[in-house]
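Below: one structure, written as structure tokens.
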Amino acid sequence: MHFWKSAWKKWLVIAQIIGNFQAQVILTAFYLVIMAPLGIASRVFGDFLRIKPRRARSNFGKWDHSRETLETARKQY
């Protein structure tokens with residue numbers, strides 16, 4: 001039984017090294033495949049998230065909604 005415990009402890013050390021390497025590879029691939037193209041598209045095609053300040057006084061857009069009555073409130077579904 002002592003053999004299996006020592007083998008398990010040695011495997012945990014090796015597995016942690018493998019896991020750290022694997023996490024770095026996966027995060028690098030995520031950045032290169034997803035984040036970098038989104039950043040390039042944002043630079044080329046404009047400000048999708050509307051982060052850049054506009055010249056308007058407020059960042060809120062106008063919200064148009066239909067006038068609701070008590071009858072439409074009762075028939076929600």
Side-chain angles (χ1 to χ4, degrees):
M1 200 62 168
H2 178 69
F3 169 75
W4 292 112
K5 285 184 181 181
S6 64
W8 179 253
K9 288 183 181 182
K10 289 178 184 178
W11 167 249
L12 288 179
V13 172
I14 295 170
Q16 184 174 8
I17 294 169
I18 292 170
N20 288 338
F21 176 75
Q22 184 179 10
Q24 289 176 353
V25 169
I26 290 171
L27 289 175
T28 302
F30 173 77
Y31 177 78
L32 293 175
V33 172
I34 295 175
M35 296 305 291
L38 283 175
I40 293 170
S42 176
R43 289 276 183 169
V44 172
F45 296 113
D47 189 18
F48 296 125
L49 299 176
R50 297 183 183 153
I51 295 173
K52 294 181 183 177
R54 290 189 267 168
R55 297 194 184 261
R57 295 180 128 198
S58 174
N59 286 332
F60 292 103
K62 186 177 180 183
W63 180 50
D64 294 327
H65 59 89
S66 62
R67 296 201 176 250
E68 295 191 14
T69 63
L70 183 59
E71 202 56 42
T72 57
R74 288 182 181 155
K75 296 180 184 178
Q76 293 181 15
Y77 302 105

Could you list the donor-acceptor pairs under 3.5 angstrom formed between side-chain atoms of residues 20-31 and any protein atom two or more places apart in sequence or on another chain?
from : atom 1 : to  : atom 2 : distance (Å)
N20  : ND2    : Q16 : O      : 3.4
T28  : OG1    : Q24 : O      : 2.7

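Following chains of ILVMFWY side-chain contacts shorter than 4.5 Å, one can reach L38 starting from L32, so the two form part of one hydrophobic cluster. When the side chains of ILVMFWY residues are joined at heavy-atom separations under 4.5 Å, either directly or via intervening members, I14 and L12 end up in a single hydrophobic cluster. Note on I40 and I34: separate hydrophobic clusters, where clusters join Ile, Leu, Val, Met, Phe, Trp and Tyr whose side-chain heavy atoms are under 4.5 Å apart, directly or indirectly.
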